[in-house]
Protein chains: 2
Amino acid sequence: MPRPDTRERILDHAERLFAEHGYDRASLRAITEAAEVNLAAVHYHFGSKEHLLEAVFQRRIGPINEERIRRLDLAIAEAAPALPSLRRVLESFLRPAVEQLRRVDAWILMGLARILHEDGAITTRHFDRLFGPVIERYRILLPICPELSPEEIQARFRFMIGAMLHSTVPSGPEELRSRDTDPERQLRRLLAFVEAGFEAPATDEVKA
Amino acid sequence: MPRPDTRERILDHAERLFAEHGYDRASLRAITEAAEVNLAAVHYHFGSKEHLLEAVFQRRIGPINEERIRRLDLAIAEAAPALPSLRRVLESFLRPAVEQLRRVDAWILMGLARILHEDGAITTRHFDRLFGPVIERYRILLPICPELSPEEIQARFRFMIGAMLHSTVPSGPEELRSRDTDPERQLRRLLAFVEAGFEAPATDEVKA
DNA sequence: GTCTATAGTAAGATAGAC
DNA sequence: GTCTATCTTACTATAGAC
């Protein structure tokens, strides 16, 4: 086999084209043509377009989430028996995603993130499988922010994810490639913003 | 005419279906069927599917942006000759969007916002036309946050937009409709988060 | 302005030879 | 495992009668 595994070639080009055009507009024909494999190979190796998307996500985002849990566990262990600092916890979530920006072309990861914002009918199932266990672990924030209601913590967690995603997902691939995306600086900015956000006074009514 | 204008009927159902399924997956056939008008009526009134999308956006998001500018001008006038407070400026941006959540079904607005995250090829042009003038006006933040570099202000503005969009755009219509979306509370939470975020210390190197 | 009918295109999926 | 060829379906858009 002189060239990479067919399966890997499909994944590589599917990832690129999904990221660039979104799920619907990236046709299997375009993907297989770019990968220089046969159209039918997709169905042989993955079964369907949807399963191909899932494989793309699993390959790229799965490791990010594993790293998040690894870092979170480390932060908890190092601080024990006390609680880890808010910043360490937030960083354990944000840094793995930003670290990936070094290895993969940034706009690829950004484009994949955008797909998670597309029609939920396709992505909701993957989203839950990918992120469910991770988000579960971040309940550790509850005792770290004891003055906030669980609902407000959840809301702020959502704000953080939105800030992270949108900071990396503007409108249009051209803009995407031309942006200032020094990952370390972007992470510094983002961490400062969300850490302050989490430390803001509670706004929910205090429970009776 | 016993029922609303054909044009309006198309807009109503296009809005709903675009919001629910995204641009690509909402077919003109489904839209015209729901609106109980003929398929060809879309092309007669709007010319193309893309122009229909633009009309939908203009009708719903245009007024939000006008209200933003109106409130921003008011805040500036009331504070003159001093600068308006950070909070007033941020609120002038966030509140009009949240106010709309009272009038329209929340998930509709959220679904439209999601389309702005879809493939830029279609939406970038509309995005610039819709938001360009507004974002321009918020340069007022530069003197309000003198310790931040212009780039960092831009980054934080982006974080704010991301937090706003994502807080209202989770994954999947089912979840969308069942969420806790009391607009006023959501606004309070969001404002507290982003105001604190803007007030965080600068992270960019001080300019030489 | 509204309709029917259809042109023209592109998509995902599959059967079956090799 | 890989290929060609094709099935089936769905879409946007338009022509032309009323």
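Convention: sequence-line order gives letters A, B, ...; per-chain numbering from 1.
- Of the candidates dA13(D), dG12(C), dT2(D), dT2(D) carries the atom nearest the T6(A) side chain, counting heavy atoms from C-beta on.
- Comparing dT4(D), dA13(C), dC3(C) by their nearest atom to the side chain of A40(B) picks out dC3(C).
- A salt bridge is absent between R188(A) and E184(A): the closest approach of a Lys/Arg side-chain nitrogen to an acidic carboxylate oxygen does not fall below 4.0 angstrom.
- Among the heavy atoms of the strands, none lies under 4.0 Å from A41(B).
- The side chain of S27(A) contributes an N or O atom lying less than 4.0 Å from OP1 or OP2 of dA11(C).
- What separates CD1 of I31(B) from P of dA10(D) is a distance of 17 Å, to the nearest Å.
- Distance check, rounded to the nearest 0.5 Å: OG of S85(A) to CZ of R87(A) gives 8.5 Å.
- Of the side-chain N and O atoms in H43(A), none sit less than 4.0 angstrom from OP1 or OP2 of dT14(C).
- Each of dA13(D), dT4(C), dT4(D) was ranked by its minimum atom distance to the side chain of L39(B); first place goes to dA13(D).
- Between the P atom of dA11(C) and the NE2 atom of H21(A) lies a distance of 12 Å, rounded to the nearest Å.
- The aromatic rings of F157(A) and Y138(A) sit tilted, their planes meeting at an angle between 30° and 60°.
- Salt bridge present: E67(A) and R70(A) bring a charged side-chain N and a carboxylate O closer than 4.0 Å.
- At whole-Å resolution of the value, CD in E33(B) and P in dT2(C) are 18 Å apart.
- Remark on DNA chain D: of its neighbouring residues H45(A) and R29(A), the 5'-side contact belongs to H45(A), judged by nearest-heavy-atom nucleotide.
- Taking only side-chain atoms of N38(B), from C-beta outward, the nucleotide of dA11(C), dA13(C), dT4(C) with the closest atom is dT4(C).
- Relative to the ring axis of Y23(A), K49(A) places its NZ or CZ within 45° and under 6.0 Å from the centre.
- In this structure, of dA15(D), dA13(D), dA13(C), it is dA13(D) that holds the atom nearest to the side chain of L28(B).
- Rounded to whole Å, the distance from CD1 on I10(B) to P on dC3(C) is 10 Å.
- The distance between atom CG of D24(B) and atom C1' of dA10(D), rounded to the nearest whole Å, is 13 Å.
- Computed from coordinates, the Y44(B) OH to dA15(D) C1' distance equals 16 Å when rounded to whole Å.
- If you take CZ of F46(B) and C1' of dG1(C), they are 14 Å apart, rounded to a whole angstrom.
- As a whole-Å value, the separation of E50(A) CD from dG12(C) C1' is 12 Å.
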